[in-house]
Enquirer: 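Below are the structure tokens for one structure; questions will follow.
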Amino acid sequence: MVADLAKAELHCHIEGAASPELVRRVAARHGVDLSGLFDADGAFAWHDFTSFLNAYDRAAAVFRTPEDYRDLAYTYFTSLAAEGAIYGEVFISSDHALASGLSYRDYVEGLAEGIRDAEAETGIIGRMIATGVRHYGPDRILVAAQTVVNEPHPLVTGFGVAGDERMHHPRDFADAFRIAGEAGLGLTVHAGEFGGPESVRDALDHLGVTRIGHGVRAIEDPDLVARLVDEDIVLELCPGSNVALGLYPDIPSHPYARLRDAGVRVTVSSDDPPYFGSSIGAEYGWLADGQGQSRAALAEATRTAIDAAFVDAETRQRLINRLATA
Ligand code: ADE
Ligand code: ZN
């Protein structure tokens with residue numbers, strides 16, 4: 001039902017998109033020891049949010065050269081296109097680049113080459129959102145924002161914060177979001193995933209975002225749901241990720257339909273696909289099968305993603321035209 005539907009993904013971490021197979025291949029280039037990273041079936045080994053973040057950092061550290069990152073972006077964007085996506089945004093992280101011994105510029109250039117190669121081959125359009133990592137602390141987040149503003153790149157069009165939402169308060173990141181916003185970058189933040197509704201409210205109060213990564217726990221507070229509708233906030237929903245990380249027992253329990261029915265603008269993404277057994281096509285399929293989302297409802301999610309994408313007006317119009325002919 002959804003295989004031929006045009007899709008768009010706003011929420012995927014590029015380091016979290018690396019499959020075990022690609023991690024093994026790149027690790028072999030550099031002789032990196034991977035012991036303990038995989039389980040007996042060859043999947044990433046993790047059992048809760050903290051161990052997921054640790055596995056994620058270890059796998060990310062395998063990518064060390066611009067070519068490694070080019071291969072990662074190329075693999076991800078071509079696989080997205082193969083599932084019917086016409087547009088994708090990936091979260092990137094200058095902190096992970098530095099941990100791998102790469103400058104921000106070399107990291108971004110490597111990724112951009114992969115995005116351009118994928119576009120040349122499949123037509124998919126891609127952009128990057130620079131992120132700070134919440135559990136690395138406010139000082140590092142400010143440096144991440146300064147880095148992206150001081151070294152602009154045409155394909156880096158947004159700024160955000162990912163990582164462990166149980167740490168720090170959004171007001172601690174307000175300066176980082178202010179300088180990124182003043183530089184014309186689109187703004188999004190992870191909130192309402194491992195924090196409750198108050199975390200979403202604090203993010204809206206302090207960070208000037210137009211989108212929220214996850215935001216699902218807003219469903220616990222009707223006034224906040226009304227505020228999301230009033231302020232036209234777009235949620236980057238990742239149902240498979242939320243189920244895999246234990247927020248909800250299964251797809252039917254996920255608040256996607258309830259948020260949508262309340263009038264919140266929702267989109268569909270895969271977050272860190274190989275960790276969660278997910279992909280953009282799987283997410284659309286789960287919502288169709290597990291929540292009875294119609295083809296028209298899922299097409300509307302794609303249109304919302306294009307409307308909320310961090311792209312210039314001309315690119316947005318090109319994407320809308322492509323939807324019309326899809
Ligand atoms: N970084 C990668 N995946 C994440 C998630 N689901 N939540 C917060 N930070 C992340
Ligand atoms: Zn995420």
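One-based numbering, in listed order, for ligands and for the atoms of each.
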Enquirer: Report, in ascending order of atom number, the atoms of ligand 1 lying under 4.0 Å from any heavy atom of E193.
Expert: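 Answer, ordered by atom number: 5 (C), 6 (N), 7 (N), 8 (C).
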
Enquirer: With F44 as reference, evaluate F276, F52, Y275 under the ring pair (Phe, Tyr, Trp, His ring centres under 6.0 Å) test and give the passing residue.
Expert: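 Going through F276, F52, Y275 one by one, the ring pair (Phe, Tyr, Trp, His ring centres under 6.0 Å) with F44 is satisfied by Y275 alone.
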
Enquirer: Counting from 1, what ligand 1 atoms have a heavy atom of H13 closer than 4.0 Å?
Expert: 1 (N), 2 (C), 3 (N), 4 (C), 10 (C)

Enquirer: Only protein N/O/S atoms count here: give how many lie under 2.8 Å from the Zn ion (ligand 2).
Expert: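 Every protein N, O or S atom under 2.8 Å from the Zn ion (ligand 2) counted, the figure is 4.
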
Enquirer: According to the interplanar angle, ranging from 0 to 90°, do the rings of Y69 and Y107 count as parallel (below 30°), tilted (30 to 60°) or perpendicular (above 60°)?
Expert: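 Geometry flag for Y107 against Y69: perpendicular rings.
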
Enquirer: Answer with side chain, backbone, both or neither: which part of F49 has a heavy atom less than 4.0 angstrom from an atom of ligand 1?
Expert: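 The answer is the side chain of F49.
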
Enquirer: Angle between ring planes, F173 versus H168, binned at 30° and 60°: parallel, tilted or perpendicular?
Expert: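 Ring orientation of F173 relative to H168: perpendicular.
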
Enquirer: Check the orientation of H190 and F91. Use parallel for under 30°, tilted for 30 to 60°, and perpendicular for over 60°.
Expert: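 Tilted.
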
Enquirer: Parallel under 30°, tilted from 30 to 60°, perpendicular over 60°: which one fits the rings of H11 and H13?
Expert: perpendicular

Enquirer: Please work out whether the ring planes of H169 and H206 are parallel, tilted or perpendicular, with thresholds of 30° and 60°.
Expert: perpendicular

Enquirer: Of V234, I233, L187, T267, which is the lone residue that meets side-chain contact (heavy atoms from CB on, under 4.5 Å) with R211?
Expert: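 For R211, the side-chain contact (heavy atoms from CB on, under 4.5 Å) check succeeds only for V234.
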
Enquirer: Has ligand 1 got any nitrogen or oxygen that is less than 3.5 angstrom from a nitrogen or oxygen of G163?
Expert: yes

Enquirer: Could you establish whether Y275 and ligand 1 come within less than 4.0 Å of each other, counting only heavy atoms on the residue side?
Expert: no

Enquirer: Give the contacting part of F52 toward ligand 1: side chain, backbone, both or neither, where contact means a heavy-atom distance below 4.0 Å.
Expert: side chain

Enquirer: Surrounding CD of E182 (heavy atoms of other residues, nucleotides or ligands, distance under 6.0 Å), is the total greater than 12?
Expert: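 Atom CD in E182 is crowded, with more than 12 foreign heavy atoms closer than 6.0 Å.
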
Enquirer: Is any side-chain heavy atom of I141 less than 4.5 Å from a side-chain heavy atom of F159?
Expert: yes

Enquirer: Based purely on interatomic distance, does D164 place a nitrogen or oxygen under 3.5 Å from a nitrogen or oxygen of ligand 1?
Expert: no

Enquirer: May I ask you to check if R24 and F38 form a cation-pi contact, with NZ or CZ under 6.0 angstrom from the six-membered ring centre and within 45° of the axis?
Expert: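 The answer is yes, since R24 meets both limits relative to F38.
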
Enquirer: Considering only heavy atoms of D272, which atoms of ligand 1 have at least one such atom less than 4.0 Å away?
Expert: 2 (C), 3 (N), 4 (C), 6 (N)

Enquirer: May I ask whether H214 places a heavy atom under 4.0 Å from ligand 1?
Expert: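 Per 4.0 Å heavy-atom rule, H214 contacts ligand 1.
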
